[in-house]
Each structure stands twice: as C-alpha cells, then as structure tokens.
Amino acid sequence: MNNIAVFASGYGSNFQAIIDSIKSNYLSASIKLLVSDKPNCLAIERAHFENIPVFSFKAKNYPSKELYEKKILKQLDKYNIELIVLAGYMRIIGETLLKGFKGKILNIHPSLLPNYKGKDAIGQAIIDKAKITGVTVHYVNEELDSGEIVEQVSLDITNLKTRNEIELEIHKIEHKLYPKVIKKVLEG
Ligand code: GRF
C-alpha cells in the first residue's frame, strides 16, 4: 500500500519533492493526505493542485493538543496511513500521535543533529560560525529532534557567503535525501 501522510506548515518544497519523486516512479508510495496547521500556506495550494486531500486546522481553535491530534488520527485512519512524513511542520508532535504512530513518523531537520536542534537551525549554525552543517532525517520521539537518525548529509559552508546561499544548498540536499530515505523506510 505505502500510504503516506505529509505534514507541512509552509512553503512545501519538500512536500513537492516527494510528490515529484512519486510521479517520476522513483518512490513507490501514495500521498493520501496533507495535514497542515496553517490553513493558508503554500503547501496546501500544492496539495489542491495535485488533488491530494487536505486536513487543515488552527491549533488555537482547540482546547488542547490532544484534541486536535485525535482529529488528525481519525483522518490518518480514514486513509489507512502507514507512515507520517513531517516536512516543515512547525508543531511538536504530542503523545496522542506518538502513541498511534510509534516508530512511524519521520522528520527532516536542516542541521547535523544533535547539533542545532529546534527552530532556525541554519541561523544557529551561522551564529556559531560553523564550517560544516547539513541535513538529518530521523524518527520522531518524545524529545524534540532527538529520535533515531536514519541518514545525514553534511554541507561545507565555508565558501557560502549569505544565508540565502546556505538555504539553497540545504534545500537541494533535502529534496534528494528525503525521497531516498522514505523509499528506504517503506521498502524496509
Ligand atoms: C526544511 O528546511 C526542513 O528541513 C525543515 O523545514 C523546512 C521546510 O521547508 N524542517 P519546505 O516547506 O519544505 O520548503
């Protein structure tokens, strides 16, 4: 089956890379659902364009994370989702989803974890004057950006002059790495 759900909150370039890797037959999977906490984000437009069902919500309309995650779980069940792929989803996954999808949630993070966990990992690397940073794909657990690492790719940033240049190179890595890791995980 290989039914996956992608969670995204923003631009959705990784979401698009996964869509494209399926279209080109590199990745044998079906994106059954996009989940987003930002009802107006570009990732949702991409989903509409590709006829991918969307579940969007505003966290502030729910009294707790548990309640909106229960709603998400219902959607995941409806579409027989086997793997959750976080692609720029800006919320911490709570107990409800972690329990329902134990060992079945992947995330991509723009640093070589365990370095630069949390928000703005690229900014953290710049402030730190890092020579090398990179991208990590890992499983999600209860601790932020701390689950088992599946794959990492490093990037030498000593010759990159601006934040923009670094972001561009990080994204190039991400768009290749994420479909590759999803393929590996799905194929077992
Ligand atoms: C990526 O850099 C990813 O590593 C991080 O959020 C960003 C999402 O970018 N988790 P996009 O929305 O896929 O373009």
Side-chain angles (χ1 to χ4, degrees), residues 1-23 27 29-111 113 117-123 135-148 150 167 171 174-175 178-179 181-182 185-186:
M1 270 197 312
N2 289 349
N3 291 343
I4 66 176
V6 176
F7 286 33
S9 306
Y11 188 62
S13 70
N14 280 284
F15 175 40
Q16 190 67 52
I18 298 164
I19 292 170
D20 294 344
S21 71
I22 293 171
K23 282 187 174 170
L27 179 62
S30 175
I31 306 173
K32 295 290 183 198
L33 182 68
L34 175 77
V35 173
S36 181
D37 61 322
K38 292 277 181 295
N40 296 313
C41 72
L42 193 61
I44 291 184
E45 279 181 42
R46 295 181 195 268
H48 289 329
F49 189 75
E50 303 289 341
N51 288 317
I52 294 169
V54 173
F55 175 72
S56 70
F57 66 97
K58 282 190 177 165
K60 66 169 194 218
N61 293 341
Y62 292 84
S64 68
K65 188 185 286 264
E66 186 186 350
L67 286 177
Y68 72 68
E69 286 200 342
K70 275 189 173 158
K71 278 229 159 174
I72 296 175
L73 262 188
K74 269 197 188 154
Q75 293 289 317
L76 299 172
D77 282 348
K78 176 173 155 195
Y79 290 103
N80 293 315
I81 300 300
E82 292 151 89
L83 181 72
I84 295 175
V85 174
L86 306 183
Y89 179 64
M90 299 307 284
R91 297 206 161 262
I92 293 174
I93 299 293
E95 244 177 63
T96 311
L97 278 174
L98 279 173
K99 262 195 199 154
F101 277 79
K102 201 170 182 339
K104 292 177 185 165
I105 309 178
L106 284 178
N107 184 39
I108 190 160
H109 185 79
S111 78
L113 289 172
K117 293 178 182 178
K119 278 192 186 159
D120 194 17
I122 294 175
V135 176
T136 302
V137 178
H138 64 96
Y139 284 105
V140 174
N141 66 9
E142 347 8 78
E143 233 184 290
L144 185 66
D145 298 329
S146 301
E148 185 196 332
V150 188
E167 273 175 2
H171 269 117
E174 289 185 336
H175 298 162
Y178 219 2
V181 173
I182 296 166
V185 165
L186 287 174

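What's counted below: heavy atoms across the whole structure, side chains too, no hydrogens, waters or symmetry copies.
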Minimum-distance pair of heavy atoms, taken over all atoms of [X] and [Y]:
| X | Y | answer |
| --- | --- | --- |
| L34 | A47 | CD2-CB, 3.9 Å |
| L27 | P179 | CD1-O, 4.0 Å |
| D37 | R91 | OD2-NE, 3.0 Å |
| A87 | N14 | CB-CB, 3.9 Å |
| H171 | S13 | CD2-OG, 3.4 Å |
| G118 | L144 | CA-CD2, 3.8 Å |

From [atom1] ([X]) to [atom2] ([Y]), nearest 0.5 Å:
| X | Y | atom1 | atom2 | result |
| --- | --- | --- | --- | --- |
| I84 | Y89 | CD1 | OH | 9.0 Å |
| I93 | L98 | CD1 | CG | 7.0 Å |
| K38 | I44 | NZ | CD1 | 10.5 Å |
| N2 | N80 | CG | CG | 12.5 Å |
| M1 | I81 | CE | CD1 | 9.0 Å |
| L97 | L76 | CG | CG | 6.5 Å |

Are K23 and E50 ion-paired here, with the side-chain N under 4.0 Å from a carboxylate O?
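A salt bridge links K23 with E50.
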Does the pair I72 and F7 meet the rule for a side chain to side chain contact (heavy atoms under 4.5 Å, CB included), with working shown?
CA-CA 10 Å; I72 296 175; F7 286 33; 3.7 Å; yes
Quick one: does [X]'s side chain get under 4.5 Å of [Y]'s, heavy atoms only?
| X | Y | result |
| --- | --- | --- |
| H48 | V54 | yes |
| V137 | N107 | no |
| L106 | Y139 | yes |
| L113 | H138 | yes |
| F101 | L83 | no |
| L86 | I105 | yes |
| I31 | F15 | yes |
| I4 | I18 | yes |

Honestly, is R46 close enough over Y11, meaning NZ or CZ under 6.0 Å from the six-membered ring centre and within 45° of the axis?
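Checked: cation-pi criterion met.
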Do the side chain of [X] and the main chain of [Y] share a donor and acceptor less than 3.5 angstrom apart?
| X | Y | value |
| --- | --- | --- |
| N3 | K32 | no |
| S9 | M90 | yes |
| T136 | S111 | yes |

Would you find more than 12 non-hydrogen atoms of other residues, nucleotides or ligands less than 6.0 Å from [X] atom [atom1]?
| X | atom1 | value |
| --- | --- | --- |
| K117 | NZ | yes |
| F55 | CZ | yes |
| K65 | NZ | yes |
| L67 | CG | yes |

For K102, enumerate each residue passing the side chain to side chain contact (heavy atoms under 4.5 Å, CB included) test, keeping only those at least two apart in sequence or located in another chain.
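Here no residue qualifies.
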Could you pull out all residues at least two apart from E167 that satisfy side chain to side chain contact (heavy atoms under 4.5 Å, CB included)?
I122, R163, N164
Check the pair K78, L33 against side chain to side chain contact (heavy atoms under 4.5 Å, CB included), reporting the backbone distance first and the verdict last.
CA-CA 10 Å; K78 176 173 155 195; L33 182 68; over 6 Å; no
